[in-house]
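The model shown is predicted, which means the values in this text are computed figures rather than measured ones.
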Amino acid sequence: MDAGKAVNIQQPVNIQRAASIQQTMDIQEKLAILADAAKYDVACTSSGVDRRNGRRGTGSAAAAGICHSFAGDGRCISLLKILLSNDCVYDCRYCINRRSNDVPRATFTPEEICELTMGFYRRNYIEGLFLSSGVVKNADHTMELICETVRMLRETFHFFGYIHVKAIPGADPMLIERAGYYADRMSCNLELPTAESLMKLAPQKSRKKILTPMRQIQNRITQNKNELTVYRHAPKFVPAGQSTQMIIGATPETDLQIMQVSESLYERFSLKRVFYSAYVSVNNDALLPALPQGPPLLREHRLYQADWLLRFYGFKASELLDEARPNFNTLLDPKCDWAVRHLEGFPVEVNRADYYTLLRVPGIGVRSARRICQARRSAVLDFADLKKLGVVLKRAVYFITCSGRMFGRFRIDEDAVAQSLIQAGERLPAALRDGGMTYRQMSLFDDFHVTAPVAVQDRQSACTGQL
């Protein structure tokens, strides 16, 4: 008997045993299993949706985000974040919920998820729902359960809060479209940066199956926007857009390759966010890296910083990295590293430089660049004024002049400026400085002050993305 047949004979026994366990499991036990299983999915952020319930239902979603409070690891703490099920027909080598793992399994019914969501909301624990799932039986069955859950929340329980759901690759397009009319945001995880890596670690999945629902959602969002210009009260389709996630560090791609993939996704699929998840070793497998130092959290953080530069600062991936330097400098954030390597373009005069030139100065963010452009219409700015406008002078002074004068006397060459920026740069946690590492997912919202109190300036920078 070959190995494939042995698996097929044993599988019904496993399913029968799992079914018997499910029957004796209460909703709190399921919640403990499925909330813990959802922690590896970082594609979760504030809503970007403005919808009020008009006193006809429960909950609402604010335009600037359902809640501006984030946990230390960057996840929005106001969402009930769970899996519909951690049963899965796939056997991805990197996933804790893969079919071959012997872990506790559970599956919610749509009614149970609605009960949890409404109960937590009424207790003021949450403001919305983030619902993902393993693939139960097949993609259509799983997507149908997700559709029924969000339909019941909206139509039966009249829940008007934020809902983020996963689009299951391979599911019927009609099911994905139905879910999109009930959800605020949808996401379809890319899983790994390249098709080669996906074939190596998740051979049952294909890049084409993953990109197909992403393209469908993008096209339907565009069509829906056109419909809304004609019919103001037409139902909205995924009004907060779509996002995706990729695992970093499980495969040998360089930072340049990852940034090129992200840039392509933003351009081709109009994504709102690409999330980067540092690989966490949860399975023993010869094809997976050992990572004795723990998850590559600092690398994940640099990728988030670079992603912000792509989306809001006008940078291209080819400007930040090249074949000669395919990975980010771990000691400097990507914007500082780029500026140090392009000193021929600095210093810039803040009283004359255009908005897009100001954006490329380390320490000047989107908001402070706008403030500078507005303030200099009526006054000549000096360094004291820049500080009041929110410029981080400890980074910016090496790259700017005010009325032709620099802030002080210092040597302007790559080594000297880089050393000064490193000394005045981010206060990394001891775990990262000393090489010891424990699992703690990082993101763009992480302020990196594990033991030290958070300074007001650093808190503002973390919120605005100012680099």
Side-chain angles (χ1 to χ4, degrees), residues 72 255 293-294 296-306 308-309 313 315 319-321 325 327-350 358-365 367-369 372 382-402 405-437 440 442-467:
D255 292 342
Q293 302 298 320
L297 299 180
L298 183 55
R299 183 188 185 194
E300 180 195 275
H301 177 63
R302 294 296 181 225
L303 290 169
Y304 270 119
Q305 290 177 314
W308 202 275
L309 295 178
Y313 287 74
F315 281 85
E319 294 180 273
L320 299 172
L321 297 168
R325 299 183 65 169
N327 294 303
F328 289 116
N329 187 340
T330 57
L331 298 177
L332 286 174
D333 73 69
K335 190 177 180 183
C336 286
D337 187 51
W338 174 86
V340 167
R341 291 187 285 111
H342 294 83
L343 289 175
E344 69 278 1
F346 298 101
V348 300
E349 172 55 51
V350 293
L358 290 174
L359 278 183
R360 300 205 162 209
V361 177
I364 298 181
R367 184 174 297 179
S368 54
I372 289 171
D382 57 23
F383 289 100
D385 297 324
L386 295 181
K387 187 173 182 180
K388 293 176 183 177
L389 293 174
V391 175
V392 183
L393 288 179
K394 67 180 181 180
R395 299 193 191 108
V397 290
Y398 307 101
F399 306 99
I400 60 174
T401 59
C402 288
R405 291 182 295 182
M406 299 196 74
F407 187 76
R409 296 175 63 86
F410 34 76
R411 189 159 53 97
I412 302 298
D413 62 61
E414 185 171 337
D415 291 338
V417 174
Q419 187 62 35
S420 299
L421 286 170
I422 290 170
Q423 293 174 354
E426 299 164 85
R427 290 177 287 169
L428 297 178
L432 294 179
R433 287 197 310 268
D434 303 334
M437 191 77 72
R440 194 172 77 84
M442 299 162 79
S443 83
L444 186 63
F445 305 102
D446 209 303
D447 56 36
F448 290 97
H449 296 74
V450 175
T451 56
V454 181
V456 173
Q457 186 182 57
D458 291 325
R459 189 184 296 276
Q460 291 172 342
S461 297
C463 291
T464 62
Q466 180 168 288
L467 302 176

Problem - Validation row: Phe346, Val361 side chains within 4.5 angstrom (heavy atoms) - result: yes
Problem - Close side-chain approach of Val417 and Phe399, heavy atoms under 4.5 Å - result: yes
Fill in the blank from the handout: Sequence neighbours excluded, the answer for side chain to side chain donor-acceptor pair (under 3.5 Å) partners of Arg341 is Asp337
Problem - Residues in ring-ring contact (aromatic ring centres under 6.0 Å, His included) contact with Phe328, at least two apart in sequence or another chain - result: none
Problem - Pairing residues for Arg409 by the side chain to side chain donor-acceptor pair (under 3.5 Å) criterion, not counting sequence neighbours - result: none
Problem - Check: Ser420 and Phe410 side chains under 4.5 Å, non-hydrogen atoms - result: no
Fill in the blank from the handout: The side chain to side chain donor-acceptor pair (under 3.5 Å) partners of Asp255 (sequence neighbours excluded) come to Arg299
Practice task
Return the set of residues passing side chain to side chain donor-acceptor pair (under 3.5 Å) with Glu319 (not counting sequence neighbours), or none when no residue passes.
Solution key: Arg360
Completion exercise
Between the CD atom in Gln419 and the CD atom in Glu414, the distance rounded to the nearest 0.5 Å is 12.5 Å
Problem - Euclidean distance, Thr401 OG1 relative to Phe383 CZ, rounded to 0.5 Å - result: 7.0 Å
Practice task
Give the minimum heavy-atom separation between Ile372 and Val350, together with the two atoms involved.
Solution key: CG2-O, 3.8 Å
Handout entry: Check: Thr330 main-chain N/O paired with Arg302 side-chain donor or acceptor under 3.5 Å
Key = yes
Fill in the blank from the handout: Of all heavy-atom pairs linking Ala369 and Leu359, the shortest is CB-CD2, 4.0 Å
Completion exercise
Val397 meets the side chain to side chain contact (heavy atoms under 4.5 Å, CB included) criterion, sequence neighbours left out, with Leu393, Phe407
Problem - Atom of Ala339, atom of Pro362 and distance for their closest heavy-atom approach - result: CB-CG, 3.6 Å
Problem - Nearest heavy atoms of Gln305 and Pro334, plus distance in Å - result: OE1-CD, 3.3 Å
Problem - From CZ (Arg325) to CG (Leu320), nearest 0.5 Å - result: 11.5 Å
Problem - Leu386 vs Ile400 side-chain heavy atoms within contact, under 4.5 Å - result: yes
Exercise for the section: Go through the steps for Lys335 and Asp333 under the test salt bridge (charged side-chain N to carboxylate O under 4.0 Å, His left out), then give the verdict. Expected result: CA-CA 6 Å; Lys335 190 177 180 183; Asp333 73 69; over 6 Å; no
Problem - Sub-4.5 Å side-chain heavy-atom contact between Asn327 and Leu321 - result: no
